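Notes for the one structure printed next.
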Amino acid sequence: MKRATSIFFPNLPSKIPNSLPRHVAIIMDGNGRWATQRGLPRIAGHYQGAEVVKDILRCCKDWGIKVLTVYAFSTENWGRPTVEVNFLMRLFERLLRDQLEEMQQQGVCLSLLGELDALPLSLQREMQRAINLTCQNQEVYFNVAINYSGRQEIVRACRQVAKRVEQGELKADAIDEIIIQQSLYTLDLPAPDLLIRTSGEMRLSNFLLWQLAYTEIYFTNTLWADFNREEFRKAIEDYQMRDRRFGKL
Ligand code: IPE
Ligand code: IPE
Ligand code: MG
């Protein structure tokens with residue numbers, strides 16, 4: 001699948017107004033439990049979770065949060081029952097198709113982070129179409145991590161950089177953090193300011209391992225399917241109380 005090699009983000013604010021996060025990343029967890037608690041099949045939770053993503057994306061547009069990155073499917077999630085995996089793949093495909101017009105209207109630029117070549121071909125086609133059609137938009141940069149693994153992303157970056165060294169294009173000693181960073185799926189996007197994980201789990205589950213180095217983390221017991229604007233506002237207010245020291249005093 002073709003990818004952009006570099007993206008220029010012209011209207012990202014250089015300062016964060018009222019310490020609003022520029023980039024929010026979310027581990028959308030707890031859909032299965034949400035459904036089970038209601039005596040429903042797990043897939044019902046994913047269906048409801050998709051409604052929540054749509055609303056949170058609109059919220060980012062309304063509030064001026066420039067970048068939203070959500071974890072939709074990890075490489076480890078292939079280990080789930082086939083019925084659930086197949087349902088998720090079809091859900092992603094349908095969402096891409098149904099949401100394209102709204103994304104266009106809202107000025108959403110969609111990017112996908114992950115090993116996309118391993119996904120069903122019909123899904124890859126929808127992805128490519130949505131990426132091509134939205135790539136000029138600049139209101140909100142919406143990244144969806146799908147078939148994503150943070151470790152795999154770093155391995156892939158190392159391979160890319162090693163190839164450049166092999167070809168004599170780059171000296172090993174010239175490799176620095178910027179070169180590695182630009183070889184990640186997130187390219188020149190700013191690192192997330194805030195990471196939210198729902199459902200009470202307190203781990204990263206292989207998400208954005210490099211990018212989260214100095215991100216503020218917010219955990220909530222709320223299940224993703226119950227998450228909403230009010231919960232999102234709470235997370236942002238909590239973030240705004242933080243003292244981001246970056247190792248300084
Ligand atoms: C997160 O919800 C969505 C995906 C991983 C696709 P889960 O499906 O992990 O829900 P729980 O954690 O089992 O409740
Ligand atoms: C992380 O959730 C992946 C996504 C939200 C897509 P999981 O539910 O798969 O993570 P673990 O298994 O609890 O670590
Ligand atoms: Mg889970």
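These numbers were taken from a predicted model, which means no experiment stands behind them. Note that ligands are numbered from 1 as they come in the structure, with each ligand's atoms numbered from 1 the same way.
- Looking at Asp29, its N, O or S atom nearest to the Mg ion (ligand 3) turns out to be OD1.
- With ligand atoms numbered from 1 in the order given, ligand 1 contributes 7 (P), 8 (O), 10 (O), 13 (O) to contacts under 4.0 Å with heavy atoms of Arg42.
- The closest donor-acceptor contact from the side chain of Arg33 to the backbone of Leu223 lies at 3.5 Å or more, if one exists at all.
- A salt bridge links Lys234 with Glu231: the distance from a Lys NZ or Arg NE/NH1/NH2 to an Asp or Glu carboxylate oxygen falls below 4.0 Å.
- Of all atoms in ligand 1, numbered sequentially from 1 with element shown, those under 4.0 Å from a heavy atom of His46 are 3 (C), 6 (C), 8 (O).
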Sequence neighbours left out, cut at 3.5 Å: what donor-acceptor pairs do the side chains of residues 164-171 make with other protein atoms?
residue : atom : partner : partner atom : Å
Arg164  : NE   : Glu169  : OE2          : 3.0

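- Between the side chain of Asn77 and the main chain of Ser74, a donor-acceptor pair closer than 3.5 Å is present.
- The Mg ion (ligand 3) has no N, O or S atom of Glu201 inside 2.8 Å of it.
- Looking at Arg233 and Glu237, a side-chain N of the basic residue comes within less than 4.0 Å of a carboxylate O on the acidic one, giving a salt bridge.
- Judged by distance alone, the side chain of Asn147 and the main-chain N or O of Glu115 form a donor-acceptor pair under 3.5 Å.
- For the salt bridge (Lys or Arg N to Asp or Glu O under 4.0 Å) with Glu102, the lone residue among Lys61, Lys54, Arg58 that qualifies is Arg58.
- The closest donor-acceptor contact from the side chain of Trp224 to the backbone of Gly49 lies under 3.5 Å.
- Enumerated by chain and number, the residues approaching ligand 2 to less than 4.0 Å through a heavy atom are Ile27, Met28, Asp29, Tyr71, Ala72, Phe73, Asn77, Arg80, Arg197, Arg203, Ser205.
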